[in-house]
Amino acid sequence: MLHLAAARFFGSRSCAVAAPGIEAALRQATIPPDRVAEHCHGEDAHFVLALDPGYVTAARDAPVVSAEPVLIFNPLQTVHRDRYVGPGCHFLAVSIARARLSEWSADLDLPREPVLAHGGMVAARRMLGHCIAGADRFAVECETLALLQFAAPGRRDRHLPWMPRALAFLRDAKMPTVNTLAAAAGVHPVHLGRGFRQAFGCTPSSYLQRLRLERAAARLRRTDLSLAGIADASGFSDQSHMTRAFRAAYRTTPARYRAAFRQVRSVQDACGGAG
């Protein structure tokens, strides 16, 4: 088994922010999946926000291979072989040193096994924006604490058998209403709203905004579409609507977000794809 040093991952690093005992970095996978050995991350716990589809993980509650962005918490001394099925995919890694984790863990009852922490996606996106635009120590600490709160058992997504139907409806809906969404899920509208807050810490409309932002972010990373074209294809009313939502979620603009990922590609080219 391979023991990685603190805040080290299988991937090239571009932009990053840090606080004592914490590092958040935007990375790109550079190692072929068959060369990713079983490993642990030294004395760190960490979150991985897998931004692109095709992430393989054994974390509880997560799909074996992701089809959309996922956020995973790996506690101290996790041994795994999580990886992307192909090279060039992007991820945010947030490493938390044992000493720093001990300051907060007593009140959080953190899990002892890797888990999905989907409710922390909002905080993870903000942290990604901080990596791109910069942030002070306090902001990094606050986002890390928010992430940890969603990894704790009391805040993790609970099993709701109707939720997959609701999410599938939202992914394809143009102009949903509470009643049409509740009918698709097969639950009462009040139960629908309560379930979304329980699972994701937000309303159904906020979750739909989250899906639109993820689509826009993916197109910014992978395509050369204009910003107006991306806004339209992702479900926003216009480019200014997308820019306002993007800035609120990521703490940066769509243009700067796109530029940051082009920088990742240029860094990888410059270093010959070394991890």
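In this chain, residues are counted from 1 in sequence order.
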Just so I know, are the side chains of Val64 and Thr57 near enough to count as touching, which here means a heavy-atom distance under 4.5 Å? no
Set of residues satisfying salt bridge (charged side-chain N to carboxylate O under 4.0 Å, His left out) with respect to Arg98, sequence neighbours excluded: Glu43
In one Ile/Leu/Val/Met/Phe/Trp/Tyr side-chain cluster, 4.5 Å: Val36, Val85: no
Check whether any side-chain heavy atom of Leu147 lies under 4.5 Å from a side-chain heavy atom of Ile96, and answer yes or no. no
For the student: nearest non-hydrogen atoms of Asn179 and Pro189, plus distance: OD1-CG, 3.6 Å
Is there a side-chain contact between Met242 and Pro254, using heavy atoms and a 4.5 Å cut-off? yes
List the atom of Ala97, the atom of Asp44, and the distance in Å for their closest heavy-atom pair. CA-OD1, 3.6 Å
Please work out which of the three classes, parallel, tilted or perpendicular, describes the rings of His191 and Trp162, given edges at 30° and 60°. tilted
Check the surroundings of atom CD in Glu103: do more than 12 heavy atoms from other residues, nucleotides or ligands lie under 6.0 Å from it? yes
Test Thr144 against every option in Arg100, Gln149, Met127 by the side chain to side chain contact (heavy atoms under 4.5 Å, CB included) rule and name the one that passes. Met127
Return each pair, listed once, that meets side chain to side chain donor-acceptor pair (under 3.5 Å) where at least one residue sits in residues 207-218; pairs must be two or more places apart or across chains. none
Do the side chains of Pro176 and Leu170 get nearer than 4.5 Å, heavy atoms only? yes
Walk me through whether Asp224 and Arg262 qualify under salt bridge (Lys or Arg N to Asp or Glu O under 4.0 Å). CA-CA 11 Å; Asp224 292 321; Arg262 287 177 173 168; 2.9 Å; yes
Salt bridge (charged side-chain N to carboxylate O under 4.0 Å, His left out) partners for Arg171, two or more places apart: Glu68
Ionic contact status for Arg251 with Glu143, cut-off 4.0 Å: no
Report yes if some heavy atom in the side chain of Tyr250 is under 4.5 Å from a heavy atom in the side chain of His130; otherwise report no. no
Tell me the closest heavy-atom pair linking Ala166 and Leu192, and the distance in Å. CB-CD1, 4.5 Å
Is there a side-chain contact between Phe91 and Leu26, using heavy atoms and a 4.5 Å cut-off? no
On a heavy-atom basis, which atom in Val65 and which in Gly54 lie closest, and how many Å separate them? CG1-CA, 3.8 Å
Please report the interatomic distance CZ(Arg247) to OG1(Thr252), rounded to the nearest 0.5 Å. 7.0 Å
Distance-only polar pair, side chains of Ser240 and Asp238, donor-acceptor under 3.5 Å: yes
Let me know which of Phe261, Phe9, Tyr84 forms a ring-ring contact (aromatic ring centres under 6.0 Å, His included) with His90. Phe261
With a 3.5 Å cut-off and no angle check, do the side chains of His3 and His39 form a donor-acceptor pair? no
Rounded distance [0.5 Å steps], OG1 in Thr203 versus CZ in Arg194: 15.0 Å
Thr253 versus Phe246: any side-chain heavy-atom pair under 4.5 Å? no
Same cluster or not: Phe10 versus Val56, using hydrophobic residues (I, L, V, M, F, W, Y) connected whenever any side-chain heavy atoms lie under 4.5 Å apart? no
Quick one: salt bridge (charged side-chain N to carboxylate O under 4.0 Å, His left out) partners of Arg165, sequence neighbours excluded? none
Considering non-hydrogen atoms only, spot the tightest contact between Cys15 and Cys131 and give its length. CB-O, 3.2 Å
Consider only side-chain N and O atoms of Ser234 and Arg219, and report whether a donor and an acceptor are under 3.5 Å apart. yes
Please identify each residue that fulfils side-chain hydrogen bond (donor to acceptor under 3.5 Å, both in side chains) with Ser66, with sequence neighbours left out. none
Among residues at least two apart in sequence or on other chains, which ones pass salt bridge (charged side-chain N to carboxylate O under 4.0 Å, His left out) with Asp52? Arg221, Arg222
Distance check, rounded to the nearest 0.5 Å: Leu71 atom CG versus Phe47 atom CZ? 6.5 Å
Measure the shortest side-chain to side-chain distance between Leu110 and Trp104 over non-hydrogen atoms and say whether it is less than 4.5 angstrom. no
Inter-residue atom distance Tyr55.OH - Leu49.CG, 0.5 Å rounding: 10.5 Å
Let me confirm one number: the CG-SG distance from Leu51 to Cys89, rounded to the nearest 0.5 Å. 9.5 Å
Value for NE2 (His46) from CD1 (Ile72), rounded to nearest 0.5 Å, stands at 8.5 Å
